[in-house]
Every structure is written in C-alpha cells, then in structure tokens.
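Letters A, B, ... mirror the listed sequences (proteins, then strands); counts begin at 1. All of these numbers come straight from a predicted model, not from anything done at the bench.
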2 protein chains.
Amino acid sequence: MKVQKEKFFNFLSRKRLKNTNQRVVILEAFLRQKSHLSTEDFYRQLRKKHPGIGYATVHRTLKLFAECGIAAERNFGDGQMRFEVSREDEHHDHLVCTACSRIFEFENQQIEQLQREVAQTYNFQISDHRLELYGLCSDCRPQTTSAPQGASPANL
Amino acid sequence: MKVQKEKFFNFLSRKRLKNTNQRVVILEAFLRQKSHLSTEDFYRQLRKKHPGIGYATVHRTLKLFAECGIAAERNFGDGQMRFEVSREDEHHDHLVCTACSRIFEFENQQIEQLQREVAQTYNFQISDHRLELYGLCSDCRPQTTSAPQGASPANL
DNA sequence: TTGTATTTTGATTTCCGTTTTCAATTTCTA
DNA sequence: TAGAAATTGAAAACGGAAATCAAAATACAA
Ligand SMILES: [Mn+2]
Ligand SMILES: [Mn+2]
Ligand SMILES: [Zn+2]
Ligand SMILES: [Zn+2]
C-alpha cells in the first residue's frame, strides 16, 4: 500500500493539488477497505470514524484515486459505481453472483491474448476492457457438488 | 424478423398480456431500427411517424422485449441503456470506440470456451456474460495504416 | 511568521436517465 | 355488448452522480 500512497501524493503535487487531511484519511481508509464497495457503502464505513467528512468529498476523492491510477472504477450492472484498489502490474476480471452478489476475481492470460488478437483483426487499439461472468456461485447454485453421474434429466 | 414477432406474440399470450396497437408499432420499429440505440434515441426516431406514443410506453415495451428474449439490453458505460435485436442462436461481444462511439461486433468461440473453463474452476454457473473492448477504432487511431517500419519516434 | 491567492470542503441543489403513478382509455372474454 | 382487467401517456418520483457556492484550509512568497 506504500506504493499507492506515494503514487497519490506524487499525483497531487504534479497536478498542483493540495494535500488535505480529508484526502489522507480517505486514502488510508480506501487502502484498508475491502474491494468493490460503492461510494455510498464506503462513505458509510468511513463516517463511523470520521463523521465530519462529507459525501461530496468522498466522491471527489475516489474519482481522484481513479484518475491517478490507484483505484479502478467498476460497474456491475446495478446502477452503482464501485471502486477497488488497483495495482500497477495486476489486472483481473470478475465473476458476479446474481444471487448473493459476491464477487470473485480471476485472471486468464489466454483470454487476454485472444482479446488482443480480436482487436488486431479490426485494427482496433484497445485501451481498456471489461469482462464479467454473471451467474450463480458455488454456494448459490442449486446442487453445488456431486452432480449425478447417471442420466441428468434433460435440462429444459 | 418473423421469428421475433412470433416469439413476442407468444410471450404476450403466455403472460396474458394484451396485444395493443402501440406494442405492434414499437415491435416493428424496433426490428427495423439499427442496433445499440438508447431508449431516448429510439423514442425520438419512433415519434416522427407515431407522435402519439409516449416515452413510458416505449420504455416499458423495450423492457418487455428484453424479458421475452427478442431484445438484448446493453450498457457501454455511458449512463444509457441500449437495446439491440437478439437472435435465439447468436451471441456476440463488442468493440467500443471511445472516440467516435461506433460499435463493432465480434464473436470468438475460443474466448467463450475459456470463459466456461474459468467458471468451472470456480464451480460457478454462468447465466450471462459481458465482454467489451474499449479503445480507438481503425478510423480514429493516430496512424491507421502503414506504421513506419523504421524507428518509430518513441510514443510518449 | 504573516498575507494572500488558490484550492478544498461539505451541505445542498441540480442533473439526468429510469421507473412509477394514476386517471382515462383500450382490450378481451364471456 | 358489458364489465373486468390491462394498458396508455403525461407527469411526478426516484436514485445516484455531479455541480454549486460560501466558508475554511492550504501553500507559498515576502
Ligand atoms: Mn476486482
Ligand atoms: Mn451488438
Ligand atoms: Zn452466490
Ligand atoms: Zn472510432
């Protein structure tokens, strides 16, 4: 997390932005918080310890994090913007459970490579992508384990 | 387009919904319209020929199309819901140009297969997925064709 | 240290696409 | 054709994101 802090403070001075108490507090809370929180959820967490900080400031600061590159904005289809810490080197995509809303992360280099190939055939210059798999996680799907090895009775 | 019409009318009677003039008009316009239109854009097109039909009805009917399966809802990150005709058998993903907003469609069975494999390792039951590649289309990227084979002068 | 120009803050308002409301109208069935 | 039930369209409500603005905080030169 040291890296992200430095990166943000560099960003601030590069952009001639001011290093305020609120920004420091929000930064540290953000780096500690669990991933994929909506602005609202994050704000609610934060206000427990820091009731003085306003929603607008939280919102603006999260946007700054995204601009600076230490946060990734996510959008899983409910109308909520979500944020997670993003690392320089790492990239991942998501499995989203439509029942319990849990989110699982995965990385698949073959898929990434195939995406690049697709783009190439269209002479398209990729700057970003999103891949999300929606469905039921192992806890939420009907019969989690031990699918019958006999005849499964024709699924529809 | 015959298929979609039948499918929708079957859906209506199955659900005990009424077959109104507006629904027929909207259905036919939708099947004729170009893809990835927002509700607003579609409504504006429609009202030229059918000024009497209200936005609410258009919105509700597009949702019905989606529920019935003849339309796919899309969301390319601008805060607009978009719709396109969806066919029983076909599936595709999208390349979205961040400069001119044009949208290109592609299909890649290898990626689809790898997605299934990812899901399997998480014991996750996929019901849907979205894959979008964002960037610059061939018309919008800096030097479209004939990249210099000599030294390219350090981009950035 | 000031002084001061500049930025930031937080309460509030505005925005904007989506969805709901509700009385009037239309559809469907018996 | 009557009457129950669904639909319509104008308008209002909704919800999250973003903008507004006066007061406060910050940075920095003198
Ligand atoms: Mn993630
Ligand atoms: Mn498409
Ligand atoms: Zn689940
Ligand atoms: Zn383009």
State, without any angle test, whether [X] and [Y] hold a side-chain donor-acceptor pair at a distance under 3.5 Å.
X      : Y      : result
A/Y134 : A/E132 : yes
A/H94  : A/E84  : yes
A/E117 : A/Q113 : yes

Does [X] make a side-chain N or O approach to OP1 or OP2 of [N] shorter than 4.0 Å?
X     : N      : answer
A/K63 : D/dA18 : yes
B/Y55 : C/dG17 : no
B/Q22 : D/dG9  : yes
B/R23 : D/dT7  : yes
B/T20 : D/dA6  : no

Discussion item. Using a heavy-atom cut-off of 4.0 Å across all strands, would you classify A/T57 as base, sugar-phosphate, or nothing?
Written reply: base
Worksheet item: Just checking B/Q80: base, sugar-phosphate only, or nothing, at a heavy-atom cut-off of under 4.0 Å?
Response: sugar-phosphate
Discussion item. Rounded to whole Å, how long is the line connecting atom CG of B/L12 with atom C1' of D/dA5?
Written reply: 15 Å
Worksheet item: Over how many whole Å does the gap from A/H59 atom NE2 to C/dT8 atom P extend?
Response: 16 Å
Worksheet, complete the sentence: Judged by nearest nucleotide, the residue sitting upstream toward the 5' end of DNA chain D, B/R16 or B/A56, is B/R16
Fill in: A/E88 atom CD, over 12 foreign heavy atoms within 6.0 Å
no
